[in-house]
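Below you'll find the structure, written out as structure tokens, and then a few comments.
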Amino acid sequence: ETLKLGNVAELSGPGATVGNAWTDAINMGVDEINAAGGVLGMQLEIDTYDTQTDAQTSRALVQKAIDDGAFLILGTVYSSSTIVNMLVTMQQGIPQIVGSESPSITQKGNPYVFRSSFGAQKSMPKIAAYLDEGLGAKSVAVSWVNNEFGKGGHDAFVAEMEARGIEVVADVSSEVGQADFASDVTQLKSANADAIFVYLHEEESARLLKELRKQNVEAPIIGETTLLNQKVIELSEGAADGIMGHVGLTVDAPNPEIQAFAKRFSDRYGYKADHNAMKGYVAIYTAATAIERAGELDRQKVADTLHNMTITVEDVPNILLNVSWDETGEVSRESFLVEVQGDETIVKDMLPAN
Amino acid sequence: MSDFLQLIISGLSTGSIYALAAIGFTLLWQASQTINFAQGEFVMVPAFFILIGSRVLGLPFPIAIGFGLAVAVFTLGFVFKRLVIQPMLPHGHLPIVMATIALAILMRELVKEFYSAEAQTFPALFSEQTFDVFGAVISHQDIGNLAVSAVAIIALQLFLGRTRTGRSMQATAQNPGVAEILGVNVQRMVLYTFMINAALATLASVLISPIYLAKFSNGEPIGLVAFLAAIVGGFNQVRGALVGGLLIGVIDNLSAAYLSSEYRIAGPMILLIVIILLRPQGLLGTSEGRTV
Amino acid sequence: MKQLKILGLVAILAGLIIAPFTQATYGTYVLSSWLVFTVAAMGLNLTLGYAGQISLAQAAFMGIGAYSTALMTMAGLPWIASVVVGMGLCFVVGLILGYPALRVQNHFLAFVTLAFTTLAFLVMRNEEWLTGGIYGLVGVPRPSVAGLSLMDGTRYYFFTLGVFILASLSFWWLVNSPWGRAFKGLRENPIRANSLGVDTRLVTLLAFAIGAAYGGLSGALMAPLVQYIDPMSFTLIISLKILLMVVVGGSGYFFGPFLGAGLVIMLPEFLRFAEAYYLMIYAALVVFLMVVCPSGLLGLLSRGIAAIRSREPAERGDLKEGAQL
Amino acid sequence: MTETVLSIRNISKSFGGIHAVRDVSFDVYKGEVLGLIGPNGSGKSTLFNCVLGQLKPDAGGVTVTGQDVAGKRACELSKLGVGRTFQQLSVFPEMSVLDNLILAGQEHRGSMFSRLFGPSDAGLTEEADRMISFFRLGHLRDELAGSLSYGQQKLVDAAMAFMANPALVLLDEPAGGVNLTMLGHLKERLKTYNREHETTFVVIEHNMEFVMSLCTRIVVLAEGAIIAEGTPEEIRANQTVIDAYLGS
Amino acid sequence: MLQLKNLYGGYGKITILNGVEFEIPKGTITTVIGPNGAGKSTVFKAIFGLLNVHSGQILLEGRDVTGRTPKQMIGEGVTYVPQGRNVVPQLSVYHNLELGGITARDQSAVRARIEKVMDQFPMLREFRDRKAIELSGGQQKQLEVARALLLDPKLILIDEPSIGLSPNLVAEVFRTLQALRDDGVTILMVEQNAKAALAMSDFGIVLELGQTRMHDRADALLADPRVGQLFLGGHMEEA
Ligand SMILES: Nc1ncnc2c1ncn2[C@@H]1O[C@H](COP(=O)(O)OP(=O)(O)OP(=O)(O)O)[C@@H](O)[C@H]1O
Ligand SMILES: Nc1ncnc2c1ncn2[C@@H]1O[C@H](COP(=O)(O)OP(=O)(O)OP(=O)(O)O)[C@@H](O)[C@H]1O
Ligand SMILES: [Mg+2]
Ligand SMILES: [Mg+2]
């Protein structure tokens with residue numbers, strides 16, 4: 001007997017990099033779970049659906065996955081898609097575990113949506129604390145990407161800055177896929193802020209970092225998860241040296257479970273896992289654990305189980321880090337403060353769950 | 001003040017890259033009256049041919065460039081013209097527009113599936129060393145790009161206007177029926193056009209990729225901006241592409257800085273509308289003349 | 001021949017009525033979105049196929065219709081009122097957008113309309129106070145007809161089908177009236193048309209405005225269908241998708257958009273088996289289709305019919321008549 | 001021959017350095033058939049285009065039945081009863097011959113609004129069929145106009161100018177490429193219209209037999225200016241015209 | 001020089017030519033006349049390789065040239081001036097002329113010949129650097145006729161050169177063609193202006209419904225009452 005799950009992800013379009021890492025990790029997780037005997041004695045079967053990074057398509061595909069009999073939905077990663085397709089799972093009472101970070105997802109009172117990583121409103125306070133207490137910054141310049149992901153992060157960040165009395169002296173938005181950051185950097189530079197906060201996707205982060213170096217910007221550069229992604233470090237060809245920030249999940253964490261995962265992943269797929277892969281991996285283990293704990297194939301019961309659930313590494317090593325969910329589906333767990341030195345990410349500090 | 005200067009200078013340097021991608025458009029228009037909506041992808045793909053040459057086949061980089069150029073001219077020039085453009089030429093613009101849009105998707109997907117979904121770094125031809133001019137930073141790369149696009153554009157302009165082959169190409173585009181009865185090998189002229197376009201796209205690719213990184217999804221924004229540049233400069237003048245590219249680069253930077261970064265693309269778009277309404281032939285273009 | 005056509009139409013209609021009962025929720029949803037996109041494509045077919053004015057703004061008009069509907073119905077106003085406002089707004093904006101077409105044609109016009117789509121997107125995304133910004137508007141209600149709620153997917157499908165049939169009939173009426181001939185005259189030879197008394201200026205503007213109003217109607221149907229709208233649903237890509245529907249189906253043919261929208265929306269369904277490769281196959285198919293039938297599926301069909309017909313009396317009438325010596 | 005239908009006053013038009021039309025003035029009276037001849041490039045078509053709103057003259061004015069038509073668009077002139085043909089073939093290639101003719105007449109039937117709700121052929125099929133059979137195009141009625149031979153298209157083109165029952169028709173080389181038999185018919189038609197409806201014609205033509213046998217008065221242009229004006233006989237005998245135009 | 005044998009052909013599935021047959025001797029002018037839509041232009045297109053020939057043969061100097069491309073026909077020494085307007089709109093007059101000689105090996109000879117035709121048609125020299133599209137209808141036609149003379153052809157196919165040309169220029173064109181004939185060039189022409197055309201021709205052909213109806217010496221056709229009635233403007237005079 002098999003248990004069908006649907007994975008709705010960005011396999012093509014601008015989000016392809018993200019969606020493919022997420023999907024690869026899920027497939028790896030499924031194989032491991034099945035090898036270990038499956039869930040409730042059933043083998044997992046994953047149907048994967050490509051949203052083309054398009055919100056409307058993702059909505060239709062979530063419906064399709066449900067029609068195809070998916071017990072639970074994994075994905076999507078892009079917030080813009082999740083916001084749309086979570087309406088479908090909500091109406092039909094299907095639990096959904098998403099990789100999106102926009103704060104609004106868990107603020108809409110949807111009882112079936114769960115994250116596998118922080119929403120920006122969870123991570124920004126940690127950044128803010130670091131900016132304020134660690135760097136003693138009085139002013140900050142912000143570069144963010146103007147989509148659902150970036151806007152959510154930006155709004156949460158600016159709110160934190162206000163709360164702490166740090167002045168946002170430059171607020172520069174950019175477009176997804178933007179190639180030229182010269183003007184952005186000129187504006188960031190001329191603001192003369194004590195620090196620059198960057199909230200962009202991977203390639204754009206790399207382009208921005210290169211331009212920041214080209215225009216000799218000296219202020220410390222701070223970021224959240226994506227900025228400290230290995231890919232960014234590699235693509236920016238040295239320009240990432242010295243940047244710092246907060247990451248919710250990183251394969252560089254000095255943590256045996258994470259290291260083991262990273263190795264299995266790169267052995268299997270030939271490229272290095274990133275936080276998107278980790279999100280996918282956590283998502284599939286979360287799903288499996290929740291169903292297992294619910295004890296029967298009842299979607300409502302699984303959703304109820306997931307609310308206020310905690311999974312520890314002792315119980316499920318592949319959950320990577322101890323994690324718990326609140327009643328809105330938001331997660332909390334430990335996270336890391338990291339710095340890039342050369343092309344290495346060094347974990348400087350472990351921040352407690354909030 | 002130095003901010004303003006920096007914005008202008010960075011705008012010019014990006015603009016020169018836009019110009020390179022835009023020449024292809026003006027060339028295709030002048031020499032075959034076709035519009036290639038996959039032009040951005042034509043600039044994106046050669047970088048991957050070169051990467052295959054250097055990373056997969058292990059060729060030294062300069063030879064890999066030659067390899068990439070040859071593959072691009074063959075596939076994007078010869079094969080594209082024979083299999084896609086040739087059957088559609090007699091049927092007007094629309095089918096070509098649709099087919100090239102689909103082709104753009106196809107090329108993106110092919111690169112993504114068979115090379116990588118990830119962005120790739122790409123070695124630069126010019127050094128990334130910079131120097132200061134009145135507080136604005138300029139890199140050797142900026143100057144190199146500007147010089148290369150200017151040279152390419154002048155060369156092409158001379159070729160189209162001063163050589164018989166160039167004029168046969170123009171005749172083919174403007175009135176293929178007449179060109180045919182005069183003994184111009186129409187199919188060959190169209191083929192030349194597409195091969196030259198592929199070569200130019202490769203050149204643009206080599207210059208763009210170190211800065212923008214090589215990524216399967218890069219074609220879309222590049223293609224769009226190149227198109228804007230071509231229209232603003234004037235479709236029927238190759239050198240219009242340079243002026244258009246530079247102008248778009250500068251306006252884009254200025255509107256991001258002084259208008260609002262959230263509305264930054266509105267700047268070039270409004271410029272486009274204004275130009276089309278006031279000077280439809282583009283800044284340097286000449287009007288197409290008598291209609292009755 | 002005529003009877004055959006009517007029979008065909010009745011069969012298709014019957015099929016459309018039975019269809020949702022054979023489909024799961026998803027299938028009905030896909031069918032509904034086919035109807036919705038066909039309405040938008042029909043509008044573009046008027047602007048492009050009949051009047052020869054290329055437009056990449058159809059998605060923006062869908063957006064205007066969808067936002068008006070969402071905002072008004074969420075404020076408690078009836079759907080029908082929002083449709084009137086949405087279509088009216090599109091009509092007016094369409095008139096304005098038609099102005100550039102009086103000066104430029106072809107790719108220039110394509111780019112003016114493209115720029116408009118981009119600007120409309122920027123407004124939808126950036127003016128958060130009105131449009132909900134990048135997050136869009138969630139929870140668009142579905143209307144109820146005569147006290148009957150249409151929350152159920154199948155019911156909403158029938159509602160859409162009804163509106164769709166009305167829209168198709170009026171479109172049929174329009175293109176077969178002298179107006180339709182004037183639109184074609186504009187496409188074929190504007191200078192001559194003008195000298196024959198066709199007010200090409202007015203006709204161009206109307207071609208845009210009416211096409212836009214269909215776009216608005218389509219948006220007004222879409223918002224309650226998806227129950228959520230955001231700016232990303234009205235970008236250039238969507239305009240290109242509608243354009244593809246028109247061209248693949250056969251631009252300038254009445255049934256072109258029906259077929260084209262069906263193909264563009266259904267093809268991904270059939271290609272699902274190809275998984276990661278399906279977009280590739282999809283794109284390759286479109287290229288192939290354009291190469292073998294550049295005038296669209298209906299263009300191919302009508303050429304095929306002409307070929308079969310002319311095979312029987314292999315020559316034209318005029319070659320028998322008029323011997324003068 | 002008293003009422004002035006068309007009055008051209010001091011029209012000038014130049015393109016870059018070329019003075020295509022220089023200060024041309026003449027009147028056309030109701031019911032006449034005026035020939036406009038002159039060497040190639042003497043500005044005849046340009047003059048037509050200035051009269052009919054396709055070009056904006058640099059100077060001068062045009063009145064139609066006393067009404068100033070400066071700045072009027074071609075469709076407005078058409079509503080005033082002025083029809084024209086173009087020198088270059090100008091049909092609607094992807095429409096049938098019948099539709100070409102109906103389109104040529106429909107804008108003069110009712111209002112824009114009433115046409116939307118009226119019959120789909122604006123009641124013109126019969127009229128168009130008459131025109132088609134007159135020009136012996138019956139077998140081509142449902143063919144696409146673009147697939148006709150040059151001369152056939154020329155006839156369709158001429159037929160279209162009559163569909164709106166215009167009061168004044170300007171014809172730019174109607175005879176070019178038309179077979180002589182048909183040309184005879186065309187001439188008859190012009191004369192009939194002229195007689196029965198008092199339609200006024202201005203005809204540009206290089207076929208001298210046609211012009212001389214059709215026109216009541218002839219204006220000769222050369223290098224943009226009028227060099228002669230008079231009856232066919234006078235023109236035929238005019239040495240300036242012979243030198244500039246007719247040749248020996 | 002040129003011989004058509006039982007030629008059938010047309011557009012797509014429609015047959016227009018229904019067994020056209022004629023033969024024209026070297027160094028002569030032959031004029032084809034016939035009603036509108038008879039298939040005159042279609043015959044020219046067939047000869048020049050622009051039309052799908054269903055059956056039959058086209059022989060040039062005894063060699064079968066059926067199904068050749070236009071470029072090959074030019075290689076055989078044949079040039080063609082189609083009906084209607086056929087200039088390259090955005091190129092200058094001079095460059096249009098130059099294109100007429102594009103296939104010639106010896107470009108300096110082409111340039112010399114361009115000078116010669118510009119002497120013959122002074123308008124071309126005056127407007128040398130203007131775009132072709134800006135010329136008047138008749139000026140464009142002059143350009144086309146001049147362009148066909150640049151290759152030193154053996155056979156010229158010329159479709160209604162008189163359309164749009166003023167009477168003195170028609171005479172000039174006819175004189176030029178006669179001079180070419182005297183140099184040994186063969187000319188096949190379509191004309192509606194049958195009287196003048198036959199008067200300067202050696203032979204005449206009447207084409208109707210895609211078939212050769214009459215083929216005779218030009219003076220014989222001129223004298224034929226049936227031809228006179230239909231093609232020479234019999235009732236032009238009576239008006
Ligand atoms: N749009 C234009 N641009 C430049 N020159 C033009 C334009 N239109 C006309 N001309 C020039 O104006 C002059 C008059 O042209 P027009 O077409 O009026 O001549 P025409 O008398 O009709 O000659 P034809 O008998 O050959 O048709 C010509 O020399 C022509 O080259
Ligand atoms: N492109 C085409 N497609 C279909 N039919 C065509 C096409 N061109 C011409 N025909 C038809 O072929 C027939 C012969 O045309 P052709 O042009 O050879 O006539 P023609 O003798 O040159 O007449 P004209 O004196 O009017 O130039 C006509 O009936 C015409 O309708
Ligand atoms: Mg003229
Ligand atoms: Mg002909």
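Since the structure is predicted, the reported quantities are computational estimates derived from the model, not experimental observations. All values below were derived from every heavy atom in this structure, side-chain atoms included, with hydrogens, water molecules and symmetry-related copies excluded. In what follows, chains carry the letters A, B, and so on, assigned in the order in which the sequence lines appear, proteins first and then strands, with residues in each chain numbered from 1.
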- line: Note: vs chain C, highest number of non-hydrogen pairs under 4.5 angstrom among D:D121, D:L77, D:I102 is D:I102

field: Under 3.5 Å donor-acceptor, C:R181 side chain and D:S120 backbone
entry: yes

- prompt: Using a cut-off of under 4.5 Å for heavy-atom pairs, which of D:P93, D:G53, D:A122 has the most such pairs with chain C?
  reply: D:P93

- prompt: Among D:E76, D:R109, D:M160, D:M163, who wins on heavy-atom pairs under 4.5 Å with chain C?
  reply: D:M160

- prompt: Taking side chain as C-beta onward, heavy atoms only, is D:L103 less than 4.5 Å from C:E188?
  reply: no

message: What part of D:P119 gets within 4.5 angstrom of chain C, counting heavy atoms only: side chain, backbone, both, or neither?
response: backbone

- prompt: Charged N to carboxylate O under 4.0 angstrom, C:D199 versus D:K79?
  reply: no

query: Would a distance-only check, ignoring hydrogens and angles, find a side-chain to backbone donor-acceptor pair under 3.5 Å from C:W173 to D:F117?
result: no

Residue D:M112 versus chain C: region with a heavy atom under 4.5 Å: both

Between C:N176, C:L196, C:T200, the one whose heavy-atom pairs under 4.5 Å with chain D are most numerous: C:L196

Shortest non-hydrogen separation from C:S195 to D:A74 and the atoms involved: CA-CB, 3.9 Å

field: Check: D:R115 side chain, C:P178 main-chain N or O, donor-acceptor pair, under 3.5 Å
entry: no

query: Is there a donor-acceptor pair under 3.5 Å between the side chain of C:N189 and the backbone N or O of D:F92?
result: no

field: Other residues, nucleotides, ligands: >12 heavy atoms within 6.0 Å of D:F15 CZ
entry: yes

Top of D:L52, D:L137, D:D157, D:L124 for chain C proximity - count of heavy-atom pairs under 4.5 angstrom: D:D157

query: Which bit of C:L186 is near chain D, if near means a heavy-atom gap under 4.5 Å: side chain, backbone, both or neither?
result: neither

field: Validation row: D:C75, C:R201 side chains within 4.5 angstrom (heavy atoms)
entry: no

query: Which region of D:E94, side chain (C-beta onward) or backbone (N, CA, C, O), has a non-hydrogen atom less than 4.5 Å from a non-hydrogen atom of chain C, or is it both or neither?
result: both

